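As the structure is a prediction and not an experimental result, all values here were calculated from the model. A, B, ... follow the sequence lines: proteins, then strands. Residue 1 opens every chain.
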Amino acid sequence: MQYHRRRLLTIVAEASLESALLRDLERLGATGYTVTDARGKGQRGVRSAAWSAAGNIRVEVVCDAELADAIAAHLRERYYEHYAMILFASDVDVLRGGKFSARSD
Amino acid sequence: MQYHRRRLLTIVAEASLESALLRDLERLGATGYTVTDARGKGQRGVRSAAWSAAGNIRVEVVCDAELADAIAAHLRERYYEHYAMILFASDVDVLRGGKFSARSD
Amino acid sequence: MQYHRRRLLTIVAEASLESALLRDLERLGATGYTVTDARGKGQRGVRSAAWSAAGNIRVEVVCDAELADAIAAHLRERYYEHYAMILFASDVDVLRGGKFSARSD
Amino acid sequence: MLDPVVLFFVLGVVAGLLRAELRLPAAAYEMLSVLLLLAIGLKGGIELATRPLHTLLPQIVGVAALGVGLTLLAYAVLRLAGRFGRADAASIAAHYGSVSVGTYAVAVAYLGAHTVAFEEYMPLFVVVLEVPAIVVGILLVRGLHRGTRWGELAHEVLLGKSIVLLLGGLLIGWASGPAAIAPVGTLFFGLFKGVLALFLLEMGLIAASQFGSLRQHGLFLLAFGVLMPLAGAACGAVLGLWLGLSVGGTAVLATLAASSSYIAVPAAMRIALPEANPTLSLAASLGITFPFNITIGIPLYLAMAQWLHRPGG
Amino acid sequence: MLDPVVLFFVLGVVAGLLRAELRLPAAAYEMLSVLLLLAIGLKGGIELATRPLHTLLPQIVGVAALGVGLTLLAYAVLRLAGRFGRADAASIAAHYGSVSVGTYAVAVAYLGAHTVAFEEYMPLFVVVLEVPAIVVGILLVRGLHRGTRWGELAHEVLLGKSIVLLLGGLLIGWASGPAAIAPVGTLFFGLFKGVLALFLLEMGLIAASQFGSLRQHGLFLLAFGVLMPLAGAACGAVLGLWLGLSVGGTAVLATLAASSSYIAVPAAMRIALPEANPTLSLAASLGITFPFNITIGIPLYLAMAQWLHRPGG
Amino acid sequence: MLDPVVLFFVLGVVAGLLRAELRLPAAAYEMLSVLLLLAIGLKGGIELATRPLHTLLPQIVGVAALGVGLTLLAYAVLRLAGRFGRADAASIAAHYGSVSVGTYAVAVAYLGAHTVAFEEYMPLFVVVLEVPAIVVGILLVRGLHRGTRWGELAHEVLLGKSIVLLLGGLLIGWASGPAAIAPVGTLFFGLFKGVLALFLLEMGLIAASQFGSLRQHGLFLLAFGVLMPLAGAACGAVLGLWLGLSVGGTAVLATLAASSSYIAVPAAMRIALPEANPTLSLAASLGITFPFNITIGIPLYLAMAQWLHRPGG
Ligand SMILES: Nc1ncnc2c1ncn2[C@@H]1O[C@H](COP(=O)(O)O)[C@@H](O)[C@H]1O
Ligand SMILES: Nc1ncnc2c1ncn2[C@@H]1O[C@H](COP(=O)(O)O)[C@@H](O)[C@H]1O
Ligand SMILES: Nc1ncnc2c1ncn2[C@@H]1O[C@H](COP(=O)(O)O)[C@@H](O)[C@H]1O
Ligand code: NA
Ligand code: NA
Ligand code: NA
């Protein structure tokens, strides 16, 4: 099986950021994203999803390492100070490398 | 802590594939799977989950590397051309290796 | 981009464990967690989410390796025998290491 | 003046186009459609209880034939005039040969508001029309190809949500009769128009999200989405007259013929004809034909039926 | 002839067995059960407002004792005849010593359709019956073992959804009285049977999904799932007569005794007796006893009550 | 005695404080608020249909000015007496200058139960009051700063769920008139109090979850959450008298002035003033002011209105 190495960026953030966040991802060049509804707890307290704005979203982006860095830098810059948000990244293997980045291989 | 290395396969696909996909996973030998509802965007456009068939599902399978390859090959063969679907794989550590593969260790 | 290496622990368990599990995580020292509703299949059969107690939850915790081990050991000890539950761990990169562990770096 | 339920649809479309922060939960949409399907089925079943079923056999056959005919007509148009590939043409055609329960519900509300009576067993025809178009659509692409997994398909189609709930409602209504159904009717019938209003609000939001893909697929689809229902309605109305339906019944059958599926058929086509582009058919069905039918179409089809039934007609 | 609400259950079972593509959203199921619990509670509360509570004390004690007795009876049968382990026997027994609100609702609908009156404060007994079986079940396995976290358990049981909503409804109904409740009654009482129908549709789907695990656990569970409710109903009916309840009240108490829990008790058992296999008890309770009670049981229990109350009885 | 709908709120608060296992699905909460917003909008729209709109212009201007004034008042108090930072003060002030639809609904129910008539076009004022407070709140922090993305903000505020549904309902009601609306009214108006009861049950659960953060933020917020609505109500009532509203109308306007937002404003503030702590404003608005208004406030505001309208007044 021929895999290509990409980065998986997972972002958990307050649900009210959904549209702004997705807009940013597209602008920065992500070829796609996957969103699920979530709840949780962190430094900014419990986020319970009792009603939709009170919950979190969990966004995944598969992309190349450069873009992952660019997205992480942008989010830190723009949202970290005032919003409930965490971000973590890891390596993943994909079959169609071209689907997840501008450059193809 | 004694961990065993396994593969985590994550599949994001259009929700209408749910039953077919899960049937395939079982047939290929997966010992289990976890499904969450998701929405997203990719080459085949926005999938909004406004009504259930319009959304995505996100399926995770923990298994050994061989089976992960077999599943990936099967999905590429059977679904990639005509369906909204992505797939990525990564290494994970589990406690009970035997729970996630035919062979035991 | 300056990343810090942490562990991502993912737990899938029957939904009725939610409050007990989250209480345990906090007691053991996790700085946060993220929960999504899920369904699935494993050794203990199909968990369908037809009504909420019949489903699973999927809990993610980002923490340092020590705590990850402690949590895994505790869960194995306390829940593995009698409850539907799986657990897997992997390495992830985070921006703010201090956010995910007692020690700071 | 538009019926309020249609205004809810307009509200949904406008909110969708303005990208308003309005999203009904998917669970609510599911429940609303369950309620509509059951209500329609029950209503038809109660009526069926009062007449020997076999007397309806000729009508059932006629209506099924209508479904087949409309699918073939749509396919020919899409292939010849639209130059669509086989799979896309067949998939779109199957949508138009089948029916939309939402459109049916609006027609019922419209006739009710104008106190035009119709044969109450019409829901039976909704069920009858669901299936033939799907079969024809698949046959047009696959022929009697061995590879087609007809078993799986039959399961998908016959045991899809719409048919199970319509048929289930029909049977329960038929077995129970009006008196026994009355207490559950407070929910299913008493709230019918309110539920329909909410359903149409959501449909409006969904329809608005289809307009984007319409722009990409151009004028032909737009024209098809308006002209095909007109042609369908004409066929349906003539058949209705020929089958001896009342004015109201004729208008309803015309509406059914004009309507295009957006639940059962898309699901079946994803499985049977995955190579067909689902965006095309949904954009036409939800983005054009559904709005056209519930605003302009239904009044037109009633006028059509009245004209056909005119004293000297 | 079956009541239409029961036919909805049958529809759900059939759809489930045929693996139809029919799945009500979990949110809808939750809301339907919230509506039922509140409606039942409110109804009982309104009635309680009209009588001094202490006059009910003897009945409350009697009913609680019934819960204890039935749990012990079921445990003995499961251990001796069924050869189940302690944990499994105790867990199943707790299910049968407790009650099912859905079954109660069907009984209310059935008596209503047959215009049989009953003591409207019965929901109080539903609350009373929820708890003792759970306590007895745990004691049977753990004894007065120190390790049992009774605090946590009490929280889980007394503050579970069913008790909070039933008791909350009772208190609100009791504090407000019939006139003030009337405007909210349009939703809770007016739509009761419709809501029940939808709830039973979903219950049918769930019951069907239990049949698979039944096959694995054999005939004994099947027999137990039918005979235990019959025994329970007999005890309940006799107690009802003895407590001076009307024919309807006796039938309701028999039904409560016959019914087995599938919400509160399973949740409590997962926490208190995790070593008990939850599949066994749910399969018996949902897959056999619930269907049996709502189709065959309730009419039988009414006949039982009528026979006990017969003039020369 | 409290109205039953308020008792549902109390039940929610108690269940929340006891950490009961009671959680209504988020989808249900969304749907309930959609139903309330549409019902309120429709009701107002039907009434608007009967009068020339321009006659209401002076009242609209007056009410909008009230929104601005209350926001400024609240800001001054929070800055000077509360020593809050600019962003936090402005954000909380915007909540209190705006309105709560849930509180409005309880006021309507309360007046209905006491058969006090009021101007039915009041929902128009709900819409009018939503926006000015938000604009003022932002201006207080950002001034006419170029950086503020007013376009995005206008979109967020004007196209948020509450305004779209209220305004949509108003327009549909206005365009359709009472007769055409009647059939959908069975759902929207007939079930209004039941829907409100369920909504308040959930609001109680949410309010209870706010009490924790209240403890951290101390007495000032508690006092502010009670005194600010009283001051607001006084302003609203005087304005109502001055605008020539009836006793009922004056009480409703007082209630609107007293109420504080927990849907539209929090969402807007997260985007416009992210540096403001959202916990503070929600704790005050949901944890104190909402409960205060629906239990003690509304009866008080009605008394206030009656006193202002007293014969020799
Ligand atoms: N250590 C953690 N592990 C997993 N998820 C977390 C963690 N910390 C925070 N989160 C998630 O991120 C959201 C925002 O975090 P925070 O900004 O710390 O409040 C929380 O509501 C959680 O869902
Ligand atoms: N780059 C990506 N990162 C994360 N999720 C993606 C990405 N591309 C596609 N997806 C998900 O996979 C689904 C199907 O993708 P596609 O086949 O490209 O339309 C989308 O709806 C997304 O949920
Ligand atoms: N091999 C697997 N891959 C992914 N998820 C699994 C796997 N096995 C079990 N699960 C999930 O974990 C839950 C409990 O597993 P079990 O205890 O094996 O029944 C299941 O319901 C699934 O959601
Ligand atoms: Na058609
Ligand atoms: Na029982
Ligand atoms: Na205000």
Compare all side-chain heavy atoms of [X] with those of [Y] and state whether any distance is below 4.5 angstrom.
{"X": "D:Leu191", "Y": "E:Leu191", "value": "yes"}
{"X": "E:Leu201", "Y": "D:Leu165", "value": "yes"}
{"X": "D:Leu171", "Y": "E:Leu7", "value": "no"}
{"X": "D:Leu35", "Y": "E:Leu198", "value": "yes"}

Interatomic distance, [X] atom [atom1] to [Y] atom [atom2] [nearest 0.5 angstrom]:
{"X": "E:Leu2", "Y": "D:Ser176", "atom1": "CG", "atom2": "OG", "value": "9.0 Å"}
{"X": "E:Leu32", "Y": "D:Met31", "atom1": "CG", "atom2": "CE", "value": "5.0 Å"}
{"X": "D:Leu37", "Y": "E:Leu22", "atom1": "CG", "atom2": "CG", "value": "9.5 Å"}
{"X": "E:Lys193", "Y": "D:Thr186", "atom1": "NZ", "atom2": "OG1", "value": "9.5 Å"}

Flag the one option from [options] with the top tally of heavy-atom pairs under 4.5 Å to chain D.
{"options": "E:Ala109, E:Gly194, E:Gly190", "value": "E:Gly194"}
{"options": "E:Gly112, E:Pro4, E:Ala20, E:Ala197", "value": "E:Pro4"}
{"options": "E:Pro25, E:Ala113, E:Ala28", "value": "E:Pro25"}

Please classify the contact between [X] and chain E as side chain, backbone, both or neither, with a heavy-atom cut-off of under 4.5 Å.
{"X": "D:Leu158", "value": "neither"}
{"X": "D:Val164", "value": "both"}
{"X": "D:Leu167", "value": "neither"}
{"X": "D:Ile163", "value": "neither"}

Expected output: side-chain D:His155 to main-chain E:Glu21 donor-acceptor under 3.5 Å: no
Residues from residues 203-212 of chain E approaching chain D under 4.5 Å (heavy atoms): none
Listed once per pair and sorted, the ring pair (Phe, Tyr, Trp, His ring centres under 6.0 Å) pairs that draw on residues 164-196 of chain D, sequence neighbours left out: D:Phe188-E:Phe8
E:Arg19 portion near chain D, given a 4.5 angstrom heavy-atom threshold: both
Which portion of E:Leu24 sits near chain D, non-hydrogen atoms under 4.5 angstrom: side chain
